[in-house]
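Residue numbers start from 1 in every chain, and the chains themselves are labelled A, B, ... in the order their sequence lines are given, proteins ahead of strands.
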Number of protein chains: 2
Amino acid sequence: MEKYTEMLKEKKISPSVQRLKILEYLDINRVHPTVEEIFAAIREEIPILSKMTVYNTLKLFAANGLVKSIPTSDNKGHYDYNTSPHTHFKCRQCKRVFDIDVDYDLHLKSGLEGLKVLEHNLIFEGICQDCRRDG
Amino acid sequence: MEKYTEMLKEKKISPSVQRLKILEYLDINRVHPTVEEIFAAIREEIPILSKMTVYNTLKLFAANGLVKSIPTSDNKGHYDYNTSPHTHFKCRQCKRVFDIDVDYDLHLKSGLEGLKVLEHNLIFEGICQDCRRDG
DNA sequence: ATAAAAAATGATAATAATTATAATACTGTG
DNA sequence: CACAGTATTATAATTATTATCATTTTTTAT
């Protein structure tokens, strides 16, 4: 837990119990949970927790680069502890969003002139291994 | 308008007035409009139009590959007439989503074993040229 | 250690996006 | 033209998110 406290202090964010829990949860559960999922899980331990706090905290974390908001086609907020460049795979059947360790070269050749690029996201969609077996 | 009728017939979708208008709107307005934007615009011409029809139609079109749903970080549905592989740039300031004609090589080297990939999306985020000038 | 100030949290309400439902209107075919 | 099937609409219900503000917690200065 020290680790998370440090991370927050570095960003001058006061390490409240709620914030630490949310950060820890995202670290342990690397499945790009939604606000609802995070809220439901942490509420088990902190029954007084408000969903508002989860929203606020995630927005604050994202603004400080501690977590990443990842857009998916279900149009709900998904959050990712892993902020380093990596790739996602969204299964159309079970709706899960995986990290995948795709090794790719992105050779930009042209087309970004004048734009200030802050990040890029590469998202694959399809059917995952489990769902192919089942269905 | 013939063009759109043909497109729908090919997919065995009956070419109702609403559907044709929505398809035409997306063709002319290549700015990845939201449901709300499409609805508001077409309602000027068809005041009786229901938002439900816009939702249904877009879902139907997307399922038939006539348009593409593109995920962005505002977590609203954006739709794109251009279904061929291309790249998007989302401006964090003005929130617009542009097509950009990035010329890139995506060399997948590994990491997709067992997954059935149906499509991929490459999205850049940052500040666009206009906003850099202004701000 | 403590009081004042600042910030975070939580309950509640409000707004926005989407989905569900069921009655009505439209379209195409015999 | 009537029938069957489909599309559209109005309405209500759900779900996701944001806003507000009183209460609690944390920080800071003494």
S.K.: Can you name the side chain to side chain contact (heavy atoms under 4.5 Å, CB included) partners of B:E125, sequence neighbours left out?
M.R.: A:E119, B:S73, B:K90, B:R92
S.K.: List the atom pairs, with distances to 0.1 Å, where a side-chain N or O of residues 45-53 of chain B and a protein N or O form a donor-acceptor pair under 3.5 Å, not counting sequence neighbours.
M.R.:
| unit_1 | atom_1 | unit_2 | atom_2 | d |
| --- | --- | --- | --- | --- |
| B:E45 | OE1 | B:K21 | NZ | 3.0 |
| B:S50 | OG | B:M52 | N | 3.0 |
| B:K51 | NZ | B:E36 | OE1 | 2.5 |

S.K.: For the helix from C:dA1-D:dT30 to C:dG30-D:dC1, how many degrees between its two end axes (five pairs per end), to the nearest 10°?
M.R.: 30°
S.K.: In residues 30-44 of chain B, which residues come under 4.0 Å of DNA chain D by heavy atom?
M.R.: none
S.K.: Could you tell me which non-hydrogen atom of B:I42 sits nearest to which non-hydrogen atom of B:Y25, and how far apart they are?
M.R.: CD1-CB, 4.0 Å
S.K.: Taking the side chain as every heavy atom from C-beta outward, state whether A:Y79 and A:P33 have any pair of such atoms under 4.5 Å apart.
M.R.: no
S.K.: Sugar-phosphate atoms are those with a prime plus P, OP1 and OP2; base atoms are the rest. Using that split, label each nucleotide of nucleotides 24-30 of chain D B, S or - for protein heavy atoms under 4.0 Å, 5' to 3'.
M.R.: ---S---
S.K.: With sequence neighbours left out, write down each residue that passes side chain to side chain contact (heavy atoms under 4.5 Å, CB included) with A:D101, or none if nothing qualifies.
M.R.: none
S.K.: If the condition is side chain to side chain contact (heavy atoms under 4.5 Å, CB included), which residues does B:T87 pass it with, not counting sequence neighbours?
M.R.: B:I100, B:V102, B:Y104, B:L122, B:F124
S.K.: Can you name the closest pair of heavy atoms from B:L8 and B:P15 and give their distance?
M.R.: CD1-CA, 3.7 Å
S.K.: What are the two closest non-hydrogen atoms of B:N121 and B:P71, and how far apart are they?
M.R.: ND2-CD, 4.3 Å
S.K.: With the threshold set at under 4.0 Å for non-hydrogen atoms, list the residues of residues 51-79 of chain A touching DNA chain D in residue-number order.
M.R.: A:M52, A:Y55, A:K59, A:K76, A:G77
S.K.: Give a yes or no answer on whether the side chain of B:E113 reaches the backbone of B:G111 with a donor-acceptor pair at less than 3.5 Å.
M.R.: yes
S.K.: Looking only at heavy atoms, which two atoms of B:V54 and B:I22 are closest? And how far apart?
M.R.: CA-CD1, 4.0 Å
S.K.: Share the residues that join B:V97 in a hydrophobic cluster, the rule being Ile, Leu, Val, Met, Phe, Trp or Tyr side chains under 4.5 Å apart at the heavy-atom level.
M.R.: B:I70
S.K.: Among residues two or more places apart or on two chains, list those pairs meeting salt bridge (charged side-chain N to carboxylate O under 4.0 Å, His left out) that have a residue in residues 1-15 of chain B.
M.R.: B:K3-B:D27
S.K.: Check for me, please, whether A:I38 and A:Y81 land in the same ILVMFWY cluster - side-chain distances under 4.5 Å, paths through other members count.
M.R.: yes
S.K.: Quick one: ring pair (Phe, Tyr, Trp, His ring centres under 6.0 Å) pairs with a partner in residues 28-48 of chain B, sequence neighbours left out?
M.R.: B:H32-B:H88
S.K.: Is A:D130 close to A:Q93 at the side-chain level, that is, under 4.5 Å between some pair of heavy atoms?
M.R.: no
S.K.: How would you give the extent of chain A contacts on DNA chain C, as first and last nucleotide 5' to 3' within a 4.0 Å heavy-atom cut-off?
M.R.: C:dA8 to C:dT18
